[in-house]
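I have a structure here, written as structure tokens, and I will follow up with some questions on it.
In what follows, chains carry the letters A, B, and so on, assigned in the order in which the sequence lines appear, proteins first and then strands, with residues in each chain numbered from 1. Below, all heavy atoms of this structure are taken into account, side chains as well, without hydrogens, waters or symmetry copies.
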Amino acid sequence: MLLRMSTLFLRTLREDPVDAEVASHKLLVRAGYIRRAAPGIYTWLPLGLRVLRRVEDIVREEMDGAGFQEVHFPALLPREPYEATNRWTDYGDGIFRLKDRKGADYLLAPTHEEMFTLLVKDLYSSYKDLPLSIYQIQTKYRDEARPRAGLIRGREFIMKDSYSFDVDDAGLERSYQAHRDAYVRLFDRLGLEYVIVSAMSGAMGGSRSEEFLHPSEIGEDTFVRSPGGYAANVEAVTTPVPDALPFDDAPAAHVEDTPDTPTIESLVACANERFPRADRPWTAADTLKNVVVTLVHPDGTREPLVIGLPGDREVDAKRLEAAVSPAEVAAFGPEDFAKHPALVRGYIGPQVLGAESDSGIRYLLDPRVVDGTRWITGANEEGRHVFDLVKGRDFGADGVIEAAEVREGDAAPDGSGPLELARGIEIGHIFALGRRFAQALDLKVLDENGKQVVVTMGSYGVGVTRALAAVAEGNHDDKGLVWPRSLAPADVHLVATGKDEAVFTEAERLAAELGAQGLDVLYDDRRKVSPGVKFKDAELIGVPTIVVVGKGLAEGVVEVKDRRSGDSEQVPLADVVASVVSTVRG
RNA sequence: CGGGGUAUGGCGCAGCUUGGUAGCGCGUCCGCUUUGGGAGCGGAAGGCCCCCGGUUCGAAUCCGGGUACCCCGACCA
């Protein structure tokens with residue numbers, strides 16, 4: 001395959017596009033791979049399309065190699081299947097909806113669980129047909145509130161989604177593992193560094209879920225990892241529970257006046273001033289903070305919930321949401337306080353809380369608040385706090401909740417060391433869905449006893465366009481992109497410089513010979529473009545091997561440059577083809 | 001949905017404060033020169049200055065109201 005720069009549909013830009021923030025976005029636009037068509041929606045130019053095809057091919061090869069079969073659904077779908085699983089409403093503003101001329105509702109699919117499930121239901125009805133894994137590579141649409149970072153979060157994007165169908169849990173586990181293994185191979189081939197983290201199954205209501213994250217500062221997902229190999233999405237991190245403490249000799253709880261101390265900070269200052277400890281100052285960690293929120297249950301009912309946690313920690317909204325799912329969290333406003341007089345704003349204490357208490361308000365504790373721990377906390381009266389309130393002696397709770405923020409240095413739950421916080425781009429997600437969709441859409445097969453059983457499913461996604469952007473994000477320098485060989489738009493970028501006709505004659509010959517060896521050649525055959533421009537363009541475009549035919553020709557050599565390292569060598573004309581072929585083939 | 005910002009040739013920007021022939025750099029086209037690091041000189045094309053309304057003899061500029069886009073946050077199986 002020979003691409004001539006003189007005719008290639010390409011315009012490189014000297015300056016960064018003003019709307020781009022992250023490197024992959026800036027460079028993919030500058031180097032002429034993509035153009036913005038609308039917010040979060042991109043047009044693919046020839047170079048970009050070549051890279052995209054290579055990513056898709058690798059994904060396809062790994063899926064096919066694992067025995068999964070490719071199908072293709074429409075992107076434009078009717079409302080009914082999504083109605084059956086409640087997702088027509090659950091998705092809210094997150095999907096693009098449209099009507100046909102008769103007024104019937106359609107949507108641009110954000111994902112295809114329903115369609116896959118219905119297709120299998122349509123065709124299969126026996127346990128003998130299973131297990132089955134099928135996949136597609138399809139354009140998906142989500143009306144993101146805020147698209148950002150170019151291809152990384154768009155409103156139109158390409159995703160590979162697979163679905164597995166099994167009769168029992170053991171089968172699902174095997175299918176899940178098969179996908180996990182395929183993803184490992186696939187991301188290795190893409191040259192993408194990744195971390196596999198456990199993830200919360202969340203609203204999808206499954207049993208097991210892991211995310212493949214590409215570590216990157218511009219990633220939108222926060223995850224943790226420990227030196228001993230623990231890794232988890234921040235929502236899925238569990239807190240190691242400390243041992244209970246003895247409290248036989250603990251002083252009795254006592255209520256003290258702490259005027260004007262509605263915040264932890266003011267409380268700690270007041271405690272140190274009026275009730276100083278002999279051994280050390282009070283800190284926020286000595287206080288028990290009680291945060292009240294409103295839970296909105298799926299049926300619409302609202303319930304107050306109080307969460308007790310050490311005063312030096314904040315509630316992490318994402319962890320809280322994940323912990324209370326499928327309920328949603330809303331603010332507890334002044335009007336809510338008015339409805340619940342037991343809750344004194346700024347002075348909430350556990351003594352009046354709990355499902356069994358007079359207030360009936362549910363109270364959940366951070367796992368660190370174990371029996372025997374002593375706290376300064378609200379006395380449920382304006383301007384007063386209680387000291388030496390002992391968990392297990394003076395108060396209890398309705399349960400524990402993982403809602404506190406995770407901090408750098410916190411212990412990993414499996415004892416594998418202190419946690420490090422990092423950011424990542426979610427490039428893959430594997431998910432043991434269970435029977436939710438099969439149940440809702442009535443996908444059953446006859447088992448070997450002739451009984452109807454609900455099929456159990458898994459869903460598995462790879463963000464194809466996002467993975468491409470992640471590769472660009474992780475493979476560039478200040479001059480431009482630096483593609484791994486597996487994805488580059490060409491194997492070699494051949495540059496002819498100079499005005500001597502012999503240069504072009506020789507370059508033409510080289511281009512033809514390299515092509516004959518099966519290499520994809522991007523050939524800069526532009527006549528009136530200065531060498532500087534050609535070099536800059538080559539570096540920007542990022543083909544890993546650059547061959548320059550120019551002034552060395554008089555001595556019978558051409559220059560072979562490695563884009564990534566910048567190293568170059570002069571290679572005798574006669575050896576160039578063999579040398580480049582061996583470099584490219586590795 | 002909150003906060004901040006921006007809308008002017010293909011791209012990046014100035015002009016707006018203080019109304020009076022719409023500019024600069026890059027890119028594009030023509031000619032000559034140049035050919036190993038985004039070339040030089042000369043010429044040229046290309047603008048509902050986001051939209052609607054108002055003030056004014058006259059609005060890119062002032063006033064009112066919209067809309068769109070970008071960034072931060074919230075949201076995001």
Report the residue (Lys528(A) or Leu540(A)) whose heavy-atom-nearest nucleotide on RNA chain B is the more 5′ of the two.
->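 The answer here is Lys528(A).
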With both distances under 3.5 Å as the test, what is the Watson-Crick or G-U wobble partner of G23(B)?
->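 Base-paired to C13(B).
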Verify the contact: side-chain N or O of Lys499(A) to OP1 or OP2 of U35(B), cut-off strictly under 4.0 Å; return yes or no.
->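 Checking Lys499(A) against U35(B): at least one side-chain N or O falls below 4.0 Å of OP1 or OP2.
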NA contact type, Lys26(A), heavy-atom cut-off 4.0 Å: base, sugar-phosphate, or nothing?
->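 Answer is nothing: Lys26(A) stays at 4.0 Å or more from every strand.
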Taking the six-membered ring of Trp483(A) (Phe, Tyr or Trp), confirm whether the NZ or CZ of Arg563(A) is under 6.0 Å from its centre and within 45° of its axis.
->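 Ring-cation test returns no.
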Has Arg14(A) got a side-chain N or O lying under 4.0 Å from the OP1 or OP2 atom of G27(B)?
->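 Answer is yes, contact under 4.0 Å.
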Examine the base of C76(B) for any acceptor or donor lying under 3.5 Å from a partner atom in the side chain of Arg153(A), and report the outcome as yes or no.
->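 Answer yes: a donor N or O sits under 3.5 Å from an acceptor.
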Which nucleotide in the list A77(B), G38(B), G36(B) gets nearest to the side chain of Thr111(A)?
->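 Selected nucleotide (nearest to the side chain): A77(B).
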Who does A74(B) pair with, Watson-Crick or G-U, both distances under 3.5 Å?
->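 WC or wobble partner does not exist here.
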Can you find a donor-acceptor pair, distance only, under 3.5 Å between Glu15(A) side chain and G27(B) base?
->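 Between G27(B) and Glu15(A), which were checked side chain against base, a qualifying N/O pair under 3.5 Å is absent.
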Can you find a donor-acceptor N/O pair under 3.5 angstrom joining the side chain of Asp537(A) to the base of G38(B)?
->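 For Asp537(A), whose side chain was compared with the base of G38(B), there is a donor-acceptor pair (under 3.5 Å).
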Considering only heavy atoms from C-beta outward, does the side chain of Leu98(A) approach that of Asp105(A) to under 4.5 Å?
->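 Side-chain contact under 4.5 Å: no.
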Want to settle it: does Ala38(A) or Gly550(A) sit nearer the 5' end of RNA chain B, counting the closest nucleotide to each?
->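 Upstream on the strand: Gly550(A).
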Going by an N to O cut-off under 4.0 Å, is there a salt bridge joining Glu220(A) and Arg148(A)?
->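 Looking at Arg148(A) together with Glu220(A), the answer is yes, because their closest N to O distance falls below 4.0 Å.
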Using the P atom in both, what is the distance from U35(B) to G9(B), to the nearest Å?
->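 Roughly 37 Å separates the two P atoms.
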Quick one: is C11(B) close enough that its OP1 or OP2 comes under 4.0 Å of any side-chain N or O from Arg30(A)?
->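 No, no such contact exists.
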Please walk me through it: do Lys444(A) and Asp442(A) pass salt bridge (Lys or Arg N to Asp or Glu O under 4.0 Å)?
-> CA-CA 6 Å; Lys444(A) 294 176 182 167; Asp442(A) 198 34; 3.5 Å; yes
N/O (side chain, Ser530(A)) to phosphate O (OP1/OP2, A39(B)) under 4.0 Å =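 Yes, such a contact exists.
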